[in-house]
Amino acid sequence: MSGWIAIAGLGPGNDDLVTPQVAAAIAQATDIVGYIPYVARIAPREGLALHATDNRVELDRAAHALQMAAEGRRVVVVSSGDPGVFAMASALFEALEAGPKAWRAIEINVLPGITAMLAASARVGAPLGHDFCAINLSDNLKPWEVIEKRLKLAAEADFAMAFYNPRSKSRPEGFAHVLDVLRAACGPDRPIIFARAVSTPEEDIRVVSLADATPDMADMRTLVIVGSSLTRFIDTPRGQIVYTPRWSR
Ligand code: SAH
């Protein structure tokens, strides 16, 4: 029997936000590979092996998945959100590129998922309704200077911005500096959205101005969105809507 790999996105947390395509791949799998909390979202069943690994071993995990598929197994590599957004799809292709040529014959499909920035923006309205960019604030795999340059240029270009991995215990000062850079570039009144654990029971969404934003409003389960200069509010009896119009000046 010939094996395959599906690199699948599980969405932001709620099972309603897993696509039917991803659910079908999981139903056919012999093996699930991924970071511990994501593998924990897969219901165990007879004949399905769950391979949960710690974070930061993405390349080992990818090579393991490729090896199992080469041996004929049906492997689903799981990420949260979308697998192509700061997640396992690129790690798997890095391992494929560096690995044995025989691996290139393996059928590999990337199955998209709802990424955190889209789930977060939907909860408040449409802050990403015009041009925007997404920046990973983790400096694990890139120098801080690159992050700072991209922040400044994105602010200058007046993009709305979505930030992944805003803050970790190992580098709490990094996000404070990000807020300083943003206040200098965008001014104190610009809206900033802290969307934590979107679509889970722990969901918590706060909308404040850059002037009122503090580093402790973000953790590693938070997606941060900063509006463009045109991002605005509508007050309704059901709460505040935040959106960015489709036009630009
Ligand atoms: N592939 C994932 C992103 C992985 S990076 C995706 O497409 O969503 C991990 C970061 O994603 C977290 O630090 C956080 O910034 C964001 N994130 C993931 N799930 C989230 C959720 N349910 N709510 C808010 N942010 C989330």
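Just the heavy atoms: all of them, side chains too, but no hydrogens, waters or symmetry mates, feed the values below.
By the criterion of side-chain heavy atoms lying less than 4.5 angstrom apart, applied directly or through intervening Ile, Leu, Val, Met, Phe, Trp or Tyr residues, I147 is grouped together with I192 in one hydrophobic cluster. Note on I135: it clusters hydrophobically with V181, by side-chain heavy-atom contacts below 4.5 Å among ILVMFWY residues. Using a 4.5 Å cut-off between side-chain heavy atoms of Ile, Leu, Val, Met, Phe, Trp and Tyr, with links allowed through other members, V224 and L118 fall into different hydrophobic clusters. By the rule that hydrophobic residues join a cluster once side-chain heavy atoms approach within less than 4.5 Å of another member, L179 and V208 end up as members of one cluster. Hydrophobic cluster membership is shared by V75 and L66, with clusters built from Ile, Leu, Val, Met, Phe, Trp and Tyr side chains linked at under 4.5 angstrom.
The closest side-chain heavy-atom distance from V178 to P166 is not below 4.5 Å. By the 4.5 Å heavy-atom criterion applied to side chains, R190 and L182 are not counted as neighbours. V76 is not listed as a side-chain neighbour of V33, based on a closest heavy-atom distance of 4.5 Å or more. A heavy-atom distance below 4.5 Å is found between the side chains of V78 and I42. Side-chain contact between F194 and V207 is absent, with no heavy-atom pair separated by less than 4.5 Å. For the pair M220/S138, no side-chain contact is recorded, criterion being any heavy-atom separation below 4.5 Å from C-beta on. Contact annotation: the side chain of L48 never approaches that of T30 to less than 4.5 Å [non-hydrogen atoms, C-beta and beyond].
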Determine all donor-acceptor pairs shorter than 3.5 Å in which one atom belongs to a side chain in residues 83-108; sequence neighbours excluded.
| from | atom 1 | to | atom 2 | distance (Å) |
| --- | --- | --- | --- | --- |
| R104 | NH2 | E97 | O | 3.1 |
| E107 | OE2 | N109 | ND2 | 2.9 |

Could you go through residues 3-25 and list every donor-acceptor pair under 3.5 Å that involves a side-chain atom there, pairing it with any protein atom two or more places apart or in another chain?
| from | atom 1 | to | atom 2 | distance (Å) |
| --- | --- | --- | --- | --- |
| N14 | OD1 | D16 | N | 2.7 |
| T19 | OG1 | V22 | N | 3.1 |

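Of all heavy-atom pairs spanning G174 and W144, the tightest one is O-CH2, 4.0 Å. G227 and T231 get closest at one heavy-atom pair: CA-OG1, 3.3 Å. Here the closest heavy-atom approach between residue A195 and residue I205 is recorded as CB-CD1, 4.0 Å.
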Does the side-chain contact (heavy atoms from CB on, under 4.5 Å) test come out yes or no for E58 and Y35, once each step is laid out?
CA-CA 8 Å; E58 285 96 347; Y35 177 38; over 6 Å; no

side-chain hydrogen bond (donor to acceptor under 3.5 Å, both in side chains) between S228 and T244, intermediate numbers included:
CA-CA 7 Å; S228 77; T244 306; 4.6 Å; no

Test side-chain contact (heavy atoms from CB on, under 4.5 Å) applied to I225 and S121, step by step:
CA-CA 8 Å; I225 295 176; S121 73; 3.9 Å; yes

Tell me, with the steps shown, if V226 and F163 meet side-chain contact (heavy atoms from CB on, under 4.5 Å).
CA-CA 8 Å; V226 173; F163 300 125; 3.7 Å; yes

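L223 CG to N165 CG: the interatomic distance, rounded to the nearest 0.5 Å, is 9.5 Å. In this structure, CG in L151 is found 8.5 Å from NE2 in H177, a value given to the nearest 0.5 Å. Rounding to the nearest 0.5 angstrom, the gap separating the CE atom in M161 from the CG atom in L137 is 10.5 Å. The CE atom of M217 sits 13.0 Å away from the CD1 atom of I193 when rounded to the nearest 0.5 Å.
R45 CZ: more than 12 foreign heavy atoms inside a 6.0 Å radius. The neighbour count for K142 NZ, taken as heavy atoms of other residues, nucleotides or ligands under 6.0 Å away, is above 12. Counting heavy atoms of neighbouring residues, nucleotides and ligands inside a 6.0 Å radius, atom CZ of R41 exceeds 12 of them.
E203 is linked by a side chain to side chain donor-acceptor pair (under 3.5 Å) to R123, counting only residues two or more places apart in sequence or in another chain. Partners of F159 by ring pair (Phe, Tyr, Trp, His ring centres under 6.0 Å), not counting sequence neighbours: none found. Legend: residues meeting side chain to side chain contact (heavy atoms under 4.5 Å, CB included) with A27, ordered by chain and number and at least two apart, are absent. Every residue two or more places apart in sequence or in another chain that forms a side chain to side chain contact (heavy atoms under 4.5 Å, CB included) with F132 is listed here: M117, L128, A160. Judged as a salt bridge (charged side-chain N to carboxylate O under 4.0 Å, His left out), and not counting sequence neighbours, the contacts of K152 are E148. With sequence neighbours left out, the side chain to side chain donor-acceptor pair (under 3.5 Å) criterion links S79 to no other residue. Considering only residues two or more places apart in sequence or on other chains, D216 meets the side chain to side chain donor-acceptor pair (under 3.5 Å) condition with T214. In terms of the side chain to side chain donor-acceptor pair (under 3.5 Å) criterion, S199 has no residue partners (sequence neighbours excluded).
Formation of a donor-acceptor pair under 3.5 Å by the R221 side chain with backbone atoms of D219 is not found in this model. Between the side chain of D158 and the backbone N or O of S229 there is at least one donor-acceptor pair closer than 3.5 Å. Remark: the backbone N or O of G113 is paired with a side-chain donor or acceptor of D82 at under 3.5 angstrom. Between the side chain of H130 and the main chain of R246, a donor-acceptor pair closer than 3.5 Å is present. In this structure, R183 contributes its side chain and L210 its backbone to a donor-acceptor pair below 3.5 Å.
Salt bridge absent: D31 and R74 never bring a charged side-chain N and a carboxylate O closer than 4.0 Å.
Cluster partners of L141, using a side-chain heavy-atom cutoff of under 4.5 Å among ILVMFWY residues and allowing indirect links: none. Through side-chain heavy atoms spaced under 4.5 Å, either directly or across other Ile, Leu, Val, Met, Phe, Trp or Tyr residues, Y243 is tied to I234, I241.
With Y164 as reference, T115 is the one residue of N136, T115, T222 to meet the side-chain hydrogen bond (donor to acceptor under 3.5 Å, both in side chains) rule.
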